[in-house]
Amino acid sequence: MFEFKKSAQDPNSYARTGVLSTPHGQVRTPAFMPVGTAGSVKGITPDQLGATDTDIMLCNTYHLALRPTADVVAEFGGLHSFIGWNGPILTDSGGFQVFSLAELNHIDDDGVAFKSHIDGSLITLTPEHSIEIQNKLGADIIMAFDQCPPLPGTPEDIKAAVERTIRWAKRSKTAHNRTDQALFGIVQGGLDVNLRRHCIDAIAEIGFPGYALGGLSVGETHEEMVTCLNQVTHHMPEDKPRYLMGVGMPRDLVAGIRSGIDMFDCVLPTRNGRNAYAFTPTRSLKLRNAGHALSHAPIDETCDCYTCRNFTLGYIRHLFMAKEMLGPTLASIHNIRFFQKMMARIRDLIAQGNLERIYEEYPVTKTTAK
RNA sequence: GGGAGUGUACCCAAGUGGCCAAAGGGGACGGGCUGUAAACCCGUUGGCGUUCGCCUUCGAUGGUUCGAAUCCAUCCGCUCCCA
């Protein structure tokens with residue numbers, strides 16, 4: 001029911017292509033997962049999402065547990081039918097909220113007690129509870145509950161997060177009781193290569209159908225992250241999908257893929273889209289800038305998305321200046337399509353053994369990291 | 001004709017003797033955003049010089065004062081009420 005099949009290997013890096021089979025369809029890797037935190041990729045419909053050539057999307061356990069609650073989602077037959085997306089879904093475990101809502105939580109070895117950002121009520125998330133929620137939500141891929149420490153962090157804090165994440169991974173696996181959902185393990189360790197490798201070994205020993213790198217893009221520089229990935233990713237089990245959580249910018253994706261990553265998720269195309277920022281192969285556009293006011297050009301001449309086929313920059317700028325909701329929608333559609341088109345091109349180039357060419361076709365992916 | 005108000009920067013609007021180049025909001029301009037507390041957040045918004053300072057500015061003109069957006073006189077514009 002869940003299977004990962006590698007297909008091509010880039011000769012000049014650890015990059016590879018593959019296909020992930022899930023109960024709701026296949027995912028071509030390397031894959032980019034748009035984020036639909038509260039069960040919706042903000043601002044666009046599932047149809048529009050599908051039209052960007054997206055295979056799989058991400059939803060968030062913490063947010064859905066608070067509202068509408070996992071029981072309500074289960075009552076509707078699970079996430080797929082509740083949100084009207086019939087493709088594969090991955091749910092985050094809430095581990096990232098341990099980081100992003102740090103001021104609202106208290107961590108101990110049992111789990112994390114959050115003060116709800118919605119009404120202040122107390123919600124505790126333990127590995128068991130996170131998995132129970134994710135079992136009810138019914139995504140195709142679910143994630144172990146981890147502790148994601150911010151960077152830079154003290155060696156003691158990073159080490160403690162690693163050991164706790166390992167303990168929580170075991171508990172997550174024990175708690176998981178649905179065979180139609182693949183539970184991925186998460187590796188922590190900050191930028192410490194030895195600690196990362198130690199964590200990989202421990203998590204791999206527990207045994208999961210996929211492995212994620214968490215705790216990156218949380219405060220470190222692009223160079224630091226890439227340096228770490230280049231020494232760490234290829235130590236992850238080679239025959240299982242590798243998922244770099246929360247990343248990222250186009251250059252981060254290419255660098256991650258070269259290090260051997262197969263899956264990514266990131267809010268950038270949607271959040272930045274809503275905030276009037278558009279990605280293109282050669283540059284980024286701030287859609288509100290006055291210079292676009294009279295532009296009859298699309299966001300990206302080379303893009304085949306709905307937005308670029310039908311609307312001018314001048315009009316899209318107007319929508320943002322007038323605070324029309326269509327602006328964020330059109331920009332989000334474009335950005336997700338941009339990411340997916342780039343990923344498709346990357347898969348093609350890996351299959352051709354010529355991934356290096358991506359730097360010419362997508363200059364924005366050029367990296368300053370070694 | 002009589003009476004009562006009012007005029008501040010691109011717009012609205014505070015300020016009623018010095019701490020005022022002038023609050024706040026809007027608009028405009030620029031920047032940021034990496035497992036989403038984000039259709040959000042930050043900065044700039046009279047001129048000239050890189051601290052800090054100088055210059056011009058609160059309807060207009062003239063005056064009082066060491067000092068005026070603030071007080072006085074006159075004028076101009078606008079609003080409302082009574083005829």
Side-chain angles (χ1 to χ4, degrees), chain A residues 32-44 56-64 66-67 90-105 114-120 123 130 134 139 141-151 165 184 186-188 212-222 224-226 229 243-253 255-256 261 263-279 284-293 317 319-332 335 339:
Chain A
F32 178 79
M33 304 184 279
V35 177
T37 305
S40 145
V41 175
K42 294 184 192 298
I44 72 173
I56 176 172
M57 65 175 281
L58 178 148
C59 293
N60 189 277
T61 293
Y62 167 81
H63 298 263
L64 291 169
L66 284 183
R67 190 170 54 190
L90 179 149
T91 46
D92 177 22
S93 63
F96 183 70
Q97 277 62 46
V98 178
F99 155 75
S100 67
L101 301 177
E103 288 132 45
L104 293 177
N105 75 36
F114 292 99
K115 221 171 161 183
S116 160
H117 71 275
I118 296 168
D119 62 6
I123 172 176
S130 172
Q134 294 188 77
I141 300 172
I142 70 176
M143 301 302 298
F145 189 58
D146 65 322
Q147 180 184 351
C148 177
L151 291 175
T165 293
F184 280 22
I186 301 180
V187 171
Q188 290 290 344
L213 288 176
L216 290 170
S217 67
V218 289
E220 79 283 15
T221 65
H222 165 76
E224 289 172 320
M225 181 177 79
V226 173
L229 288 174
Y243 164 27
L244 176 55
M245 307 183 80
V247 174
M249 294 292 293
R251 63 178 185 173
D252 298 327
L253 300 186
I261 296 291
M263 303 164 66
F264 303 86
D265 78 277
C266 194
V267 303
L268 273 172
T270 46
R271 178 187 290 169
N272 283 15
R274 286 195 307 286
N275 293 335
Y277 180 104
F279 292 90
S284 61
L285 297 182
K286 285 145 190 171
L287 298 172
R288 274 185 297 251
N289 283 183
H292 302 311
R317 172 178 192 270
L319 292 176
F320 275 103
M321 299 309 284
K323 298 184 167 57
E324 283 291 326
M325 62 197 289
L326 186 57
T329 293
L330 293 180
S332 296
N335 282 344
F339 271 59

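Letters A, B, ... mirror the listed sequences (proteins, then strands); counts begin at 1. Side chains included, hydrogens not; waters and symmetry mates left out as well; all remaining heavy atoms used.
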Sugar-phosphate only, base, or nothing, as touched by A:N272 at under 4.0 Å among non-hydrogen atoms: base
Counter-base of B:C48, judged by Watson-Crick or G-U geometry with both distances under 3.5 Å: B:G53
Phosphate-side-chain proximity, A:R274 and B:C41, N/O vs OP1/OP2 below 4.0 Å: no
N/O (side chain, A:Q97) to phosphate O (OP1/OP2, B:G35) under 4.0 Å: no
Touch class at under 4.0 angstrom, heavy-atom based, for A:G215 against every strand present: base
Phosphate OP1/OP2 of B:U34 contacted by A:S217 side-chain N/O (<4.0 Å): no
B:C66 versus B:U56 - spacing of their C1' atoms, nearest Å: 22 Å
Distance test, side-chain N/O of A:K42 to OP1/OP2 of B:A39, below 4.0 Å: no
C1' gap between B:A28 and B:U36, integer Å: 29 Å
Touch class at under 4.0 angstrom, heavy-atom based, for A:Q188 against every strand present: base
Residue-phosphate contact under 4.0 Å: A:S100 side-chain N/O, B:A37 OP1/OP2: yes
B:A14 versus B:A23 - spacing of their C1' atoms, nearest Å: 6 Å
Validation row: A:Y243, A:D265 side chains within 4.5 angstrom (heavy atoms): yes
Euclidean distance for C1', B:G17 against B:C72 (whole angstrom): 13 Å
Sugar-phosphate, base or nothing in reach of A:I186, heavy atoms under 4.0 Å: base
For B:C33, the Watson-Crick or wobble partner whose two distances fall under 3.5 Å: none
Side-chain-base donor-acceptor pair under 3.5 Å for A:T270 and B:U36: yes
Which residue lies more 5' along RNA chain B, comparing A:R288 with A:L101 via nearest heavy atoms: A:L101
Touch class at under 4.0 angstrom, heavy-atom based, for A:M321 against every strand present: sugar-phosphate
Distance below 4.0 Å between A:K323 side-chain N/O and B:G27 OP1 or OP2: yes
Inter-nucleotide C1' distance (B:U57, B:A69), Å rounded: 10 Å
B:G7 pairs with, by Watson-Crick or G-U criteria that keep both distances under 3.5 Å: B:C76
Sugar-phosphate, base or nothing in reach of A:L104, heavy atoms under 4.0 Å: base
P gap between B:G46 and B:C41, integer Å: 23 Å
Touch class at under 4.0 angstrom, heavy-atom based, for A:N60 against every strand present: sugar-phosphate
B:A37 OP1/OP2 closer than 4.0 Å to side-chain N/O of A:K115: no
Heavy-atom check, side chain of A:V218 versus side chain of A:C148, under 4.5 Å: yes
Sugar-phosphate, base or nothing in reach of A:F99, heavy atoms under 4.0 Å: nothing
